[in-house]
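Numbers restart at 1 for each chain; the letters A, B, ... are given by sequence-line order, proteins then strands.
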Amino acid sequence: MAILVDSSTRLVVQGLTGSEGRFHGLRNRSHGTDVVAGVTPGKGGQDVEGIPIFDTVAEAVSKAGANTAMVFVPAPFASDAMYEAIDAGIGTVICITEGVPAHEMLRIHAFIAGRDVRLIGPNCPGALSPGKANVGIIPAEIFREGSIGLVSRSGTLTYQIGHELTQLGLGNSTIVGIGGDPIVGSSFIDVLALFEADPQTEYVVMVGEIGGDEEEKAAAFIESAMTKPVVAYIAGFTAPPGKTMGHAGAIISGSAGTAQAKKDALEARGVRVGTTPTETAELVAELARG
Amino acid sequence: MAILVDSSTRLVVQGLTGSEGRFHGLRNRSHGTDVVAGVTPGKGGQDVEGIPIFDTVAEAVSKAGANTAMVFVPAPFASDAMYEAIDAGIGTVICITEGVPAHEMLRIHAFIAGRDVRLIGPNCPGALSPGKANVGIIPAEIFREGSIGLVSRSGTLTYQIGHELTQLGLGNSTIVGIGGDPIVGSSFIDVLALFEADPQTEYVVMVGEIGGDEEEKAAAFIESAMTKPVVAYIAGFTAPPGKTMGHAGAIISGSAGTAQAKKDALEARGVRVGTTPTETAELVAELARG
Amino acid sequence: MCARGMTSRGGRLARALDLHEYQGKELFRRYGIPVSDGVLATSPAEARVAAEELGGPVVVKAQVLIGGRGKAGGIKLASSPDEAETRAGEILGMDIRGHTVQKLWIERASDIAREYYLSLTFDRSAKQPLFMFTTQGGIDIEEVAATSPDALVKLHVDPLEGCHPWHARRLVYAAGVVDPGEQKQIAAIVGKLYDAFVGADAMLCEINPLIVTPEGEVRALDSKFTVDDNALFRHPDIAEMRDVAGADPLEVLAREKGVTYVKLDGEVGVLGNGAGLTMSSVDVVTFAGGRPANFCDLGGGGDAQGVVDALEVITRDEQVRSIFFNIFGGITRCDEVARGILQAVGQMGLELPIVVRLDGTNADAGRRILAEASLDNLHPEATMLDGARRAVELAA
Amino acid sequence: MCARGMTSRGGRLARALDLHEYQGKELFRRYGIPVSDGVLATSPAEARVAAEELGGPVVVKAQVLIGGRGKAGGIKLASSPDEAETRAGEILGMDIRGHTVQKLWIERASDIAREYYLSLTFDRSAKQPLFMFTTQGGIDIEEVAATSPDALVKLHVDPLEGCHPWHARRLVYAAGVVDPGEQKQIAAIVGKLYDAFVGADAMLCEINPLIVTPEGEVRALDSKFTVDDNALFRHPDIAEMRDVAGADPLEVLAREKGVTYVKLDGEVGVLGNGAGLTMSSVDVVTFAGGRPANFCDLGGGGDAQGVVDALEVITRDEQVRSIFFNIFGGITRCDEVARGILQAVGQMGLELPIVVRLDGTNADAGRRILAEASLDNLHPEATMLDGARRAVELAA
């Protein structure tokens, strides 16, 4: 099973002919991902090492059966690419591009509400289901297949924790980087719900950071809606307190946004929280050992 | 039962202090409608013959328990009033105002998609469930309670047909004028589905007009999704053929838009169509007599 | 009668403002859509001056709100100011399917390598704007739709998402535009057409043909631009574009009086309240063997003065032999209508037979008022069907 | 360190451009929000000229990107140009919570009858803009939220619906503004604030206080305006407002070099790739008993030159006694990082101990490169935890 990406993923890479798109698209393919198409306007008819290029996502859907899109186009064009993928009927859109204006994401988020599409990112490392499919820039070689779902706002910190899990002989169902931008397509809660419903996933690790109140919301969700054990890690314990978004920000979230506040909120709901990546991996190992 | 408006309706009238709003609001109340509030910005605290006036719909909801809104404000302010009612959590919004720009209705229609709200109108006579509630400008005195659902794009033509039914001793569950503007909140199909689900309704009369292809779409819906018999009337049989919206219009709808084309489409799906209001009422009477 | 005018909007007829080619192009220009230079002329002399100003060959184009100008001889090339003057003289005053040519658009002639078609309109069913684009432009687009449906690319725009670059790409690639320069120019025009459509509250923006010159430049060679009447309150500049001179004088009078009126060809004047009921009244008069002289809708209000105004419009048509008043009161009060009828008959000295059917709000009072007046030419009837029949008899 | 700078955006730190009061007011003015007239001054003499130009009493306001200016004595009334010059002399150069005052905003003094609060910001959870409005303005709004939550009206705006007049009405009526003139002015300001928020890609637009003068005029007396860094590419004019002079010189250097750097107070320089990993590295150094000297994120790429630049920034801080390099290669290739370290050490003659932990993409190659160089001050470690501990030891 796994979530978001698996052996049924038929990937179209928007921006496959760019240098980064090409590098990671081919790397994803070499990890077993079924990369069925690339989209670059004006380059329809070409190919990238056998992967056909189309001018539009609609063509990639109708002619190559794409069901998942990875957006690798520059930030000023990324929201257009997301809309194009959504309107073409793509079910899972994963936007790697960083630097997408937040107001554009606000509108896209409102636009997809009620539509049958899942958006991951932007500014995220993507999703990897070891042994099945990798969509994004997560280095697949440091992960192994297993029963632990991993969801994170961070990129390299995710690799770090995955690596620590691997060192302890543990593997992952799916690793999902949701991105740390103010407005992202899917939140912790969205991904936790997917893990809860996924038969392969037995435990979940959630990797949060200071700022915002997504971890606090996730804590409430875990208590009310999850049966699977969750272990959390929060980065930024030693960051001095300060304002996140002026006074208004703190009032909105009703949270200090500090790592300690997040840890407290999670522990109050029965979620164990590691203070270092190493400790976090050990907590998971304890659970896994029973 | 009945649909849209009934004895559970708690109506707020947006624009109750205007002359038309007052006239029809009070008339609706005299027909038994539970008119719980009016909204006129700046007149909060006043009352109209005992009906409290609030500054905002949100107040009418929180303080008077309004669940249905009737919009009676001038056209340039009508879409704002509709958004206000929708955002305040009103479940049924009935916009009587005529002259609302079509582009505003396009946006509102897209906005309510997926939201739990039903919008009737604009530029419509409203909805009347005889003996229960009347929201709008339909003259309640010419209708009687019964088992016939009536849905129409027209105003006075609806009264004519309702009157003819009454003359034949037949009554109505609910009479709904959906409005004839290019973009309305609820289409024939939306209302037909409500009648299909309503236990009180045994037969349905649909009153259409030349132009567009809503009647043709309704015909397909009736065949595929309705068990209750439907009789239709189409106005405009003798209108000469012509363009509805330039060439583009005809291409879009794939329909000539003529009354005859609509009649043919309906009859092909087993719907009997009267050529005059009188004949239409007689067709219903035949059905009702078994 | 144009059936477009007969599409009801619930209470009243749907009205949209059709703009002349030159007016639509003015709006195109405002929104950055490339058009050819041109000058308006209302006389052969003006056409000559315009051609001199523009320099080089020009096209003299009749400005009428009806299709088929070209086939009817309303569009002609002129290679010199002399010739422009001559052609203008030929076209001015010409009758094109019932429309008299009163204005000409003198435009710099364009060399045409290719003709495309681009439009943006309301899809009433989908409740979304719809782009249509094909490289088979210049001809009747309904024919393209019928004979090569695959060549006509259709694409909806979610009004909340708005028009994005991908919409334009989808149109040009799906239609098979291959030249990158054309792709780029058309993509820009797609975005600007959407801006114009939304910005001007249009119901239809059509460019046919959208031409490509031998130099690869893309331009709108014609325009069909229709604006939502309901939104004119925020576009006073566009509202002023209404061509009153080119319209039927009775319809202009009706508009001034605030009455919705469409002239037909028969003898029975038909007056109702509400578009649907009036349309139905026209039908019933026809089914009763009569020929309706008009469609006249009092609208939602219908006070005494409105009735007087409507009767004034209807009776200006000398073909009218009888009048059928079909009123079902809702907002409209039948006593007011009755008073209006008496007032009009008194003021105008009307002798035409008037059949009156009143029902709904204050119907009894209305009937009483008419009965008390006991005028010879007033014929009350109890039902719509009987009223129509009687009016037909009286017109015979 | 400002924790705002420590909010990661996945790959890199969230950066938003905070504008000075005078810059925010310039944007307010552009969008039609009423503000008082004022002039920027950077010397007492300029302050005098400004006060003369403005006429009458003025307020001399320190322009620093930190709250609490008033309490710190950074805002003073001056009744004459003389006094303005004196006050300016007092305020310029003042240190307000770590920020040195380099600019003054000399503004015409306002009589104040009432002080309100109005803001529009991102609600990250709801993923919608959020208005907050209260008639209890002028003071710390967090206190209002804590002590009289009902007085603070909150209202989300659906970004696709946009801001409509009803939003403004809801705010003013729910907050209990009773004067119709105020209601009208505030309603207009609400709409314009939304325009400014969307138009300038703001993350926060705050007016505290929004004043009512004794004459009933409503004006923004202060501004807090924060713009999304990611959107600056389409606002070059706003991008130019960035106050480089007022910022930490190391952070300015880092920005020039394209490195994300936040100065801290300790001795262990911390350098990672990715904001989350770097933040975690700072934590681990602290838990290992050390004090981090900085947060420095190489970012997603991390080529050799980027490593050199980052080391240049870090080592400018003379408190630094050891450096912890914590790299988990993804896009970043560890061999490139290793090459960058060697290059920097060579170019800069670095003698500080550098602990290097490499994992992920090309980690073996990177470790080999470092081992072959066999420099005395390079200390490879296999894990993040061991690396942090070693760096702490070496700084002791």
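- For chain A, the nearby parts of Phe328(D) are the backbone and the side chain; heavy atoms of each come within less than 4.5 Å.
- Annotation: residues 157-167 of chain A contacts chain D through Leu157(A), Tyr159(A), Gln160(A), His163(A) [non-hydrogen atoms, separation under 4.5 Å].
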message = Show, in sequence, the C-alpha distance, side-chain angles and deciding distance for Asp213(A) and Ser125(D), and conclude whether the side chain to side chain donor-acceptor pair (under 3.5 Å) test is met.
response = CA-CA 7 Å; Asp213(A) 64 347; Ser125(D) 286; 2.4 Å; yes

CA sep, side-chain torsions, deciding dist, call: Glu141(A), Thr361(D), side-chain contact (heavy atoms from CB on, under 4.5 Å) = CA-CA 9 Å; Glu141(A) 55 280 9; Thr361(D) 310; 4.2 Å; yes

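- Looking only at side-chain heavy atoms (C-beta outward), Asn230(D) and Asp181(A) come within less than 4.5 Å of each other.
- Residues passing the side-chain contact (heavy atoms from CB on, under 4.5 Å) test with Val198(D) are His103(A), Arg107(A), Tyr194(D), sequence neighbours excluded.
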task = Begin from the C-alpha positions of Thr332(D) and Thr156(A) and carry the test side-chain contact (heavy atoms from CB on, under 4.5 Å) through to its verdict.
result = CA-CA 10 Å; Thr332(D) 304; Thr156(A) 45; 5.9 Å; no

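- Between Thr286(D) and Phe237(A), every side-chain heavy-atom pair lies at or beyond the 4.5 Å cut-off.
- Contacts between Ile234(A) and chain D at a heavy-atom distance below 4.5 Å involve the backbone alone (N, CA, C, O).
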query = Hey, mind stepping through Ser154(A) and Met279(D) against side-chain contact (heavy atoms from CB on, under 4.5 Å) and telling me if it holds?
reply = CA-CA 10 Å; Ser154(A) 171; Met279(D) 214 183 276; over 6 Å; no

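- Interface remark: of the candidates Asp359(D), Leu160(D), Ile327(D), Leu160(D) forms the most heavy-atom pairs closer than 4.5 Å to chain A.
- For Pro101(A), the parts lying near chain D are the backbone and the side chain together; criterion is any non-hydrogen pair under 4.5 Å.
- For chain A, no part of Arg291(D) is nearby; none of its heavy atoms comes within less than 4.5 Å.
- If you tally non-hydrogen atom pairs under 4.5 Å between each of Ala388(D), Ser281(D), Pro292(D), Ala202(D) and chain A, the highest count goes to Ala202(D).
- Atom OG1 in Thr275(A) sits 5.0 Å away from atom CZ in Phe287(D) (nearest 0.5 Å).
- No side-chain heavy atom of Leu277(D) sits less than 4.5 Å from a side-chain heavy atom of Pro277(A).
- Among Pro76(A), Ala259(A), Gly177(A), Ala75(A), the residue with the largest count of heavy-atom pairs under 4.5 Å with chain D is Pro76(A).
- Applying the side-chain contact (heavy atoms from CB on, under 4.5 Å) rule to His235(D) yields the partners Asp201(D), Ala231(D), Asp237(D), Ile238(D); only residues at least two apart in sequence or on another chain are considered.
- Under a 3.5 Å cut-off, the side chain of Lys127(D) and the backbone N or O of Pro182(A) do not form any donor-acceptor pair.
- Proximity to chain D involves both the backbone and the side chain of Leu106(A), based on heavy atoms less than 4.5 angstrom apart.
- Contacts between Pro125(A) and chain D at a heavy-atom distance below 4.5 Å are absent for every atom of the residue.
- Residue Glu161(D): no heavy atom, backbone or side chain, is found under 4.5 Å from chain A.
- Neither the backbone nor the side chain of Ser152(A) has a heavy atom closer than 4.5 Å to any heavy atom of chain D.
- Using a 4.5 Å cut-off between heavy atoms, Tyr233(A) touches chain D through its side chain atoms alone.
- Looking at residues two or more places apart in sequence or on another chain, you find no ring-ring contact (aromatic ring centres under 6.0 Å, His included) involving Phe188(A).
- Of all heavy-atom pairs between Pro139(A) and Gly330(D), the closest is CG-CA, 3.9 Å.
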